[in-house]
Every structure is written in C-alpha cells, then in structure tokens.
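For reference, the structure is listed below as structure tokens.
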Amino acid sequence: MLMTVHVSPPPPPPLIDDVDELLAFLGDSEVVARFQRRCGLFLVEDAQRGARKARAPSTLGPEKARAQLNGTRDHHQDKNSNYTSKHSGCSVDGTAQYEVRNWLLHFLFLFSAGLGHEVFYITCVPCIHWNLDPFLCRRLVNIWTLVMYVGQVMKDVLKLPRPLSPPVVKLEMRVDAEYGLPSTHAMAAIAISFTFLLSAPSRIQFQFEVGLLIAVTLSSLVCLSRLYTGMHSMLDVVCGALISVVLICITYPYWQTFDRFQLSSRLSPISALLLALFLSYTYPQLDHYSPTQGDTTTILGSWVGCSVGYWVNEQLGQTFEPQEGLPVPLSTLTANALAQGAARFFVGVTVLLLTRQIAKTVSLRVLYSWYRVPQNDLSAKRRRAIEVPYKFVTYTSVGLVHSILVSRVFMLLHLL
C-alpha cells in the first residue's frame with residue numbers, strides 16, 4: 001500500500017510587519033545606493049576595487065539598518081567629512097570618484113533636482129505671474145512658504161542624518177550639512193504641483209486629467225532625484241511627500257479666506273512683516289553651522305516681499321490679473337506670443353538678479369560696517385547676526401520688485 005506524503009511548501013519570506021523594521025528599511029543608506037546603481041551611478045571608492053564594491057549587493061540586516069538610521073550626528077558628520085575629502089567627484093590626482101553609466105537618467109535627475117533650488121524659484125515661478133496669472137503665482141508662493149518652513153524646522157528638530165557615503169554617491173555637497181528628514185524638495189514639488197492643479201481650474205481652461213498627469217510626473221521626478229543625488233533616504237522622501245499632502249488638505253478650505261485678508265486687510269503688510277521676522281529670529285538653533293536657517297530666512301523674506309507687493313497692487317487697483325470671463329482659455333502659442341513670453345522672462349529675470357545683487361551687496365556692507373567686520377571676511381556671512389538680516393533684506397527686496405515693479409517695466413516696454 002502506497003502512502004501519500006504531503007510535503008508542506010516552504011514558508012513565504014517574512015514580510016516587514018514591524019514598524020521599526022519598516023523605518024529601518026526606508027532609512028537604510030544601502031537602499032539609496034542600490035537605486036543609484038540601478039540608474040547607472042556607481043561609487044568608486046579607490047582606483048583598484050571601487051567598481052567591485054559599487055556592485056556589491058546589500059548585506060545589511062535589520063539590526064544594522066536600524067542602527068544606521070538612528071546613528072548619531074557625530075558619526076554622520078564624520079562620514080560626510082570623509083566623503084568631502086575622498087568622494088567629491090575627483091581625487092587629488094584627478095581620478096573620478098563616481099562613474100555614470102546612464103547619462104540620460106543622470107541629466108534627467110539632475111534637472112529634476114534643480115526644480116527645488118533657488119535658481120528655479122527665482123526664474124520659473126515668477127514666470128507664472130508674468131506670463132499666466134498673478135493669482136496662481138500668489139497661491140503657489142503662499143503654500144510653498146508654509147510647507148518649506150515646516151520642513152526646514154522639522155529637519156533641525158528631528159535631527160535625523162542624511163544617507164551615509166559610502167555606500168551612497170552624494171552629488172550635492174552644499175546641503176549635506178543639513179539634516180535629512182523630511183525632504184523639502186519632495187515637499188515643495190508636491191505643494192507647487194498640486195496647489196497649481198487645485199487652483200488653476202477656476203482661472204484657466206485646461207483638461208484636468210492632463211494637468212494631473214503632469215503634476216504626478218513632475219513631483220515623482222523630483223522625489224526620485226533626491227534618491228539619485230544621494231541626498232535623502234526613502235524615509236525622508238516619503239515623509240516629505242506625506243507632510244506636504246497633509247498641509248494642503250488642512251489649509252485648502254481656508255485659501256480663499258487668506259486671499260481676501262492678504263489683499264484687502266490693512267493689517268496684511270505689517271502682520272506679514274512681523275510674522276516673517278519673528279519666524280526668522282526664533283528658528284531653532286543648532287550647535288554647528290547649517291544653511292537651513294539662512295535658507296528659511298530666504299523663503300520668508302521672499303514671501304513677505306511678494307505678500308506686501310500683492311497688497312500694494314490691490315490698493316493701487318492694478319493687479320494685472322484677468323478680470324472677466326474666468327476661466328480664460330489658454331492663449332495660442334504663436335510665434336509672437338512665444339517671443340513676448342521670452343522677452344518678459346529675460347527682462348524679468350535680469351531685473352530680479354540685479355535686485356538680488358544690489359540688495360545683497362548693500363546689506364552686507366552695512367552689516368559688516370555695523371559689526372566692524374573686515375569686508376574680506378567671507379565667513380562672517382554665517383554669523384546669525386549677519387546672515388538673517390542680510391538674507392531677509394535681500395529677498396524681501398526681490399519679492400517686492402517681482403510683484404510690483406517688473407510688471408510695470410513690462411508696460412513701459414510694451415510687453416504686456
């Protein structure tokens with residue numbers, strides 16, 4: 001008599017069902033390094049064995065990954081300092097320290113990462129004001145300021161480190177002194193894309209599905225670029241995106257109310273100025289220098305300049321917004337329209353860059369003279385007593401010129 005033997009199938013691999021293990025996985029630097037390698041970016045640790053190490057699979061267990069996520073700031077800084085000397089792109093003999101094997105993805109992600117830098121905010125965002133609708137630009141600036149301030153403060157309160165190198169290739173060393181969680185690039189990308197998507201239907205005729213696809217694509221590219229550049233873990237990016245979504249959902253019912261207050265109330269300019277100054281000077285202090293306070297002051301200064309400028313335009317009765325027939329159809333992209341748009345872009349950006357340079361130079365000279373600092377002492381710009389006021393004055397001036405002066409320059413040049 002034959003006996004049937006039932007062989008139990010092998011148990012499935014264990015799922016990550018523990019919160020600590022999930023957080024450790026999302027915060028694991030090796031996860032970022034694997035993503036970079038899949039995209040064709042490899043770390044070369046030395047001339048003989050860098051390529052082999054870059055291809056090595058992950059051997060981090062949950063305990064090691066969790067220890068890495070919860071690593072101290074001193075360990076994080078030591079790793080960063082090692083990277084600065086050894087992996088900054090080339091060594092003393094000129095040997096490349098990372099290898100790019102997919103240049104298409106490389107430039108795509110570098111471009112996407114640039115959508116979260118100052119050069120994007122000082123060029124492309126104002127173009128929405130100059131070429132589309134000042135109302136939409138105002139909405140974007142308001143929500144962008146909110147999410148960026150929350151993100152910057154959370155970084156310096158939580159003090160969670162960025163991914164470690166090695167194993168990660170780091171392509172943006174300027175912000176490496178900042179803490180990691182949350183990713184403000186991810187927050188800003190979500191905020192700008194979906195604030196525009198939610199606000200535009202009442203102002204512009206367009207197909208919502210197409211707008212949604214563009215918003216999802218752009219925000220996804222920016223989020224993925226933070227992994228590719230090695231500046232954030234998956235945990236940083238996911239938390240940044242979720243925080244931005246929550247802030248949009250909480251504030252959305254009050255956008256119209258804030259619009260009315262910002263444009264019509266006599267208290268609007270003074271309250272914006274006092275609030276921005278208060279938030280700039282009460283920003284959490286660290287025991288080492290980080291560009292987060294200066295960047296936050298830049299954001300707040302830009303916002304208060306724009307806010308006061310929009311209030312002034314409303315009082316003067318010249319807001320440069322379409323007044324009738326909303327939502328308006330999108331203009332046909334004729335050669336003449338493209339030429340006018342390009343002219344407004346170059347004139348507007350030139351005026352903003354000149355304003356930025358003049359305000360920065362004058363404010364620094366005044367502050368250096370006030371505190372009796374030598375003009376050639378570039379490190380003095382990092383002092384809180386100098387950094388906060390000079391950046392606040394500089395970017396408040398940029399915001400005022402963007403919202404008040406540039407459109408009137410366009411009128412003089414017959415570009416409106």
Side-chain angles (χ1 to χ4, degrees), residues 115 117-146 148-149 188 192 259 262-264 268-277 279-280 294-322 340-367 381 386-416:
L115 298 180
H117 293 313
E118 179 187 354
V119 66
F120 170 76
Y121 298 131
I122 205 170
T123 55
C124 295
V125 172
C127 276
I128 296 175
H129 178 117
W130 304 330
N131 292 317
L132 196 58
D133 188 353
F135 169 88
L136 295 175
C137 185
R138 184 173 72 249
R139 278 277 177 88
L140 295 182
V141 171
N142 288 338
I143 302 302
W144 168 73
T145 302
L146 172 65
M148 289 295 288
Y149 180 80
I192 289 176
D259 273 343
Q262 187 177 37
L263 295 179
S264 305
S268 174
I270 189 64
S271 61
L273 179 61
L274 293 177
L275 177 61
L277 285 171
L279 294 177
S280 295
D295 292 344
T296 305
T297 303
T298 295
I299 293 163
L300 292 169
S302 302
W303 172 74
V304 73
C306 290
S307 183
V308 173
Y310 288 127
W311 181 85
V312 169
N313 286 340
E314 183 73 18
Q315 308 313 304
L316 295 177
Q318 198 168 24
T319 62
F320 304 98
E321 297 180 11
Q340 275 208 325
R344 284 194 290 266
F345 173 81
F346 287 113
V347 170
V349 169
T350 299
V351 172
L352 292 188
L353 292 177
L354 285 174
T355 302
R356 177 181 178 272
Q357 188 60 40
I358 292 170
K360 178 181 178 179
T361 302
V362 171
S363 58
L364 278 176
R365 287 188 176 180
V366 170
L367 289 166
K381 291 195 295 184
I386 293 178
E387 184 180 43
V388 172
Y390 107 73
K391 288 199 169 183
F392 192 88
V393 169
T394 297
Y395 288 93
T396 298
S397 302
V398 170
L400 285 168
V401 169
H402 148 69
S403 53
I404 299 176
L405 182 62
V406 172
S407 294
R408 288 165 172 81
V409 171
F410 292 160
M411 292 178 67
L412 292 175
L413 298 176
H414 303 290
L415 293 176
L416 279 181

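Atom set for the values below is all heavy atoms of this structure, side chains included, hydrogens, waters and symmetry mates excluded.
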Can you tell me which residue pairs pass the salt bridge (Lys or Arg N to Asp or Glu O under 4.0 Å) test with a partner in [range], sequence neighbours excluded?
| range | result |
| --- | --- |
| residues 395-404 | none |
| residues 132-142 | D133-R203, R138-D259, R138-E321, R139-D259 |
| residues 346-363 | E118-R356 |

Any I122 side-chain heavy atom under 4.5 Å of H402 side chain: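 The answer is no, as the side chains (C-beta and beyond) never meet within the 4.5 Å cut-off.
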Return yes if some donor-acceptor pair links the side-chain N/O of [X] with the main-chain N/O of [Y] below 3.5 Å, else return no.
| X | Y | result |
| --- | --- | --- |
| Q315 | L263 | yes |
| S403 | G399 | yes |
| R344 | L415 | yes |

For [X] and [Y], work out which heavy atoms get closest and say how close.
| X | Y | value |
| --- | --- | --- |
| A359 | S363 | O-OG, 2.7 Å |
| W303 | N142 | NE1-OD1, 2.9 Å |
| Y310 | C137 | OH-SG, 3.6 Å |
| G309 | L400 | N-CD2, 4.0 Å |
| F345 | C127 | CD1-SG, 3.0 Å |
| P126 | T123 | CD-O, 3.4 Å |

Separation between [atom1] of [X] and [atom2] of [Y], rounded to the nearest 0.5 Å:
| X | Y | atom1 | atom2 | value |
| --- | --- | --- | --- | --- |
| C306 | N313 | SG | CG | 10.5 Å |
| F392 | S302 | CZ | OG | 10.0 Å |
| L275 | I270 | CG | CD1 | 11.5 Å |
| I404 | L316 | CD1 | CG | 7.5 Å |
| T297 | Y149 | OG1 | OH | 9.5 Å |
| L300 | T396 | CG | OG1 | 9.0 Å |

Residue R408 excluded, over 12 heavy atoms near CZ under 6.0 Å: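 Yes - once you tally the heavy atoms of other residues, nucleotides and ligands closer than 6.0 Å, there are more than 12.
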Parallel, tilted or perpendicular: ring planes of Y121 versus W144, cut at 30 and 60 degrees: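 Answer is tilted, since the angle falls between 30° and 60°.
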V406: which of V347, V351, V349 passes side-chain contact (heavy atoms from CB on, under 4.5 Å):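 When V347, V351, V349 are each tested with V406, the side-chain contact (heavy atoms from CB on, under 4.5 Å) holds only for V351.
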From CA spacing to verdict: side-chain contact (heavy atoms from CB on, under 4.5 Å), K381, L364: CA-CA 8 Å; K381 291 195 295 184; L364 278 176; 3.6 Å; yes
T319 and F135: CA distance, side-chain angles, deciding distance, side-chain contact (heavy atoms from CB on, under 4.5 Å) verdict: CA-CA 9 Å; T319 62; F135 169 88; over 6 Å; no
N131/Q340 under side-chain contact (heavy atoms from CB on, under 4.5 Å): CA gap, chis, key distance, verdict: CA-CA 9 Å; N131 292 317; Q340 275 208 325; over 6 Å; no
